[in-house]
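What follows is a short report on a single structure.
These values consider heavy atoms only, across backbone and side chains, with no hydrogens, waters or symmetry-generated copies.
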Amino acid sequence: MKSVGCAALWLLLLVTAAGAQGQELRRVPALVHVHSDRSTGENSYEELIGVARRRGLEALLITEEQILRIEYDVPPFRALTRVAHDERSIFVTGVERYLERIAEARRIDPGVLLIAGVEVLPHYRWVGSPFGGTMILRDHQKNLHVFGVTDPALIRRLPSVANPYTRRYAWQSLLDVLPVLLLIPGVVLLARRGKRPLRVGPAIVFVRRRRWLLGGVLVAVGAAGAVRGWPFTVDRYPSWEDAGLAPQQTLIDEVDRLGGATMWSFPEAFDEGRRRIGPITVLWRTDSHGDDLLRTFRYTAFGAIYADRTRFVEPGGGWDRLLTEYAAGERSRPAWATGEAGAHSIGTASGFGNIQTVFFAREKTEAAVIDAFKRGCMYALQRLPESTLILADFSAAAEDAIAVSGGTLKAREGTPVEVRIAVDASGKGAEGIRVTLIRNGAILDGWSGDTSVHVVHREIFDGRPLVFRIDARGRVPHRLVSNPLFVVRP
């Protein structure tokens, strides 16, 4: 009963903080980063909804692959020599059909909210050469998720590598046109009969013959260049160039312009593999890239808890540095933490739903959940089916003002500030709670409890910006990471 009461208190605080708009907020447990059989997943939306309902989930943030195409080409005539490998994506199965299927599944079972998003690969680059026997594909898993963009035409035009809708003309376009010019001499050779000397006994006669072989080869190469190169555009950030983080920042800025939200996917995951193709060894490798979150700006969120170990959210780590930069006015926006499911199959359903993002939204609608996503009104969670940690309260109060996770409390210098924390364990297996309060990147205090931790931290605000967040852990694998709240001067 204590958990229910504290959850009610948390909701009451949220309502108080949003009271100016008269908004009532509700808890929406969700999975972020889910694939279906429309791209690289194995299950239909109906199957995903069925398992989600049994696991107590109320929303699935779907992230189908926008386009998953790996290309390689040899200079100087790259279009003519290009080879490609396509995997299933909504470019293959249809963007419109993807959105239609989401709408169909919603109508059939509205109990679990499906939110349409896409996973976008802004760039990859090739290292090595087939002539050396080894080629390396770098950064093909350095992806971002996009939510809140639902126009099919806009989804197709999201900046990504190997995307025909976002390519442009460049100097390489001129090189790719050159093979097409071979059509001219090829056609001339086939159309005109040239004189060729032919010895007949002691005499030499001239015979008019068409140059079928040479003309045919030239026409074939020119036609192949026209078909393979059309419309002779290239990626803004070609795969043979090291573009740094410009492709990712370009995507972030475009989604921001469209009013959507972006999320860095698995920033500390490591991926590698190899495949032998004839005499050539193809390697692929994406290194942990948590530092890229400090070198990009204006994105909405990042995967903070997922199946791999994460260090970016450890006290004093990259996330705290980013948050203190925001509090000091060095960034225009903070970045919010999410639990990233990375679900491609329900399988036995034993792990489906163990990594969640719990939103506090005005209502269970796509617009309300994405709004909560943008405002950081959520927390990241790792749990088991039968047990979980619950963030019942995380708020700061000064005089008559209250702020909750993702919010900003404005307080005068010398004002007492209270930070209220309540974390409960629900179900057998999540006991042994340890809650750590982190202030400006440093551990301020910690408390332990068997099934609950309810504490109040008090201090006098000295006028310098404050960033508070909590990291709570129960029996392995239970973990909860809150989003921050800020205290600043009016």
Seminar exercise, completed: Heavy atoms of Y45 and A105 approach each other most closely as CB-CB, 3.8 Å

Exercise. Is a side-chain donor-acceptor pair under 3.5 Å present for E119 with T63?
Worked result: no

Exercise. Hey, would you say the W284 and Y124 ring centroids sit under 6.0 Å apart?
Worked result: no

For this session: Examine Y326 together with F486 and report whether their ring centres are nearer than 6.0 Å.
Result: yes

Seminar exercise, completed: Rounded to the nearest 0.5 angstrom, the CZ-CZ distance for F394 and R469 is 9.5 Å

Problem set entry | Donor + acceptor pair across side chains of Q66, S160 (<3.5 Å) | yes

Exercise. Strictly by modelled atom types, are N440 and R464 linked by a side-chain donor-acceptor pair under 3.5 Å?
Worked result: no

Seminar exercise, completed: Between I433 and D424, the two heavy atoms sitting closest are CD1-C, 3.9 Å

For this session: Begin from the C-alpha positions of R27 and F360 and carry the test side chain to side chain contact (heavy atoms under 4.5 Å, CB included) through to its verdict.
Result: CA-CA 5 Å; R27 190 183 297 262; F360 287 94; 3.5 Å; yes

Exercise. Regarding S89 and E65, is there a side-chain donor-to-acceptor distance under 3.5 Å anywhere?
Worked result: no

Problem set entry | Side-chain H-bond candidate by donor/acceptor type, H145 with T262, under 3.5 Å | no

Problem set entry | Residue pair T250 / Y237, side-chain donor-acceptor N/O under 3.5 Å | yes

Exercise. Which of these, D271, D292, D287, sits in a side-chain hydrogen bond (donor to acceptor under 3.5 Å, both in side chains) with K142?
Worked result: D292

Exercise. Does a donor on one side chain sit under 3.5 Å from an acceptor on the other, for S36 and E64?
Worked result: yes

Exercise. Between V467 and A327, which heavy-atom pair has the shortest distance, and what is it?
Worked result: CG2-CB, 3.7 Å

Exercise. Are a donor atom and an acceptor atom from the side chains of H454 and D393 found within less than 3.5 Å of each other?
Worked result: no

Exercise. Does any N or O in the side chain of S265 come within less than 3.5 Å of the main-chain N or O of L144, such that one atom is a donor and the other an acceptor?
Worked result: no

Problem set entry | Aromatic ring proximity, centroids under 6.0 angstrom, W336 and F373 | no

Seminar exercise, completed: Taken to the nearest 0.5 Å, the spacing of D242 CG from W126 CH2 works out to 15.5 Å

For this session: Going by the ring pair (Phe, Tyr, Trp, His ring centres under 6.0 Å) test, name the single residue among W264, F266, F147 that passes it with H33.
Result: F266

For this session: Taking all heavy atoms of I355 and all of I305, pick out the closest pair and write down the distance.
Result: CG2-O, 3.4 Å

For this session: Mind checking the CG-CZ spacing from D471 to R434? Nearest 0.5 Å is all I need.
Result: 11.0 Å

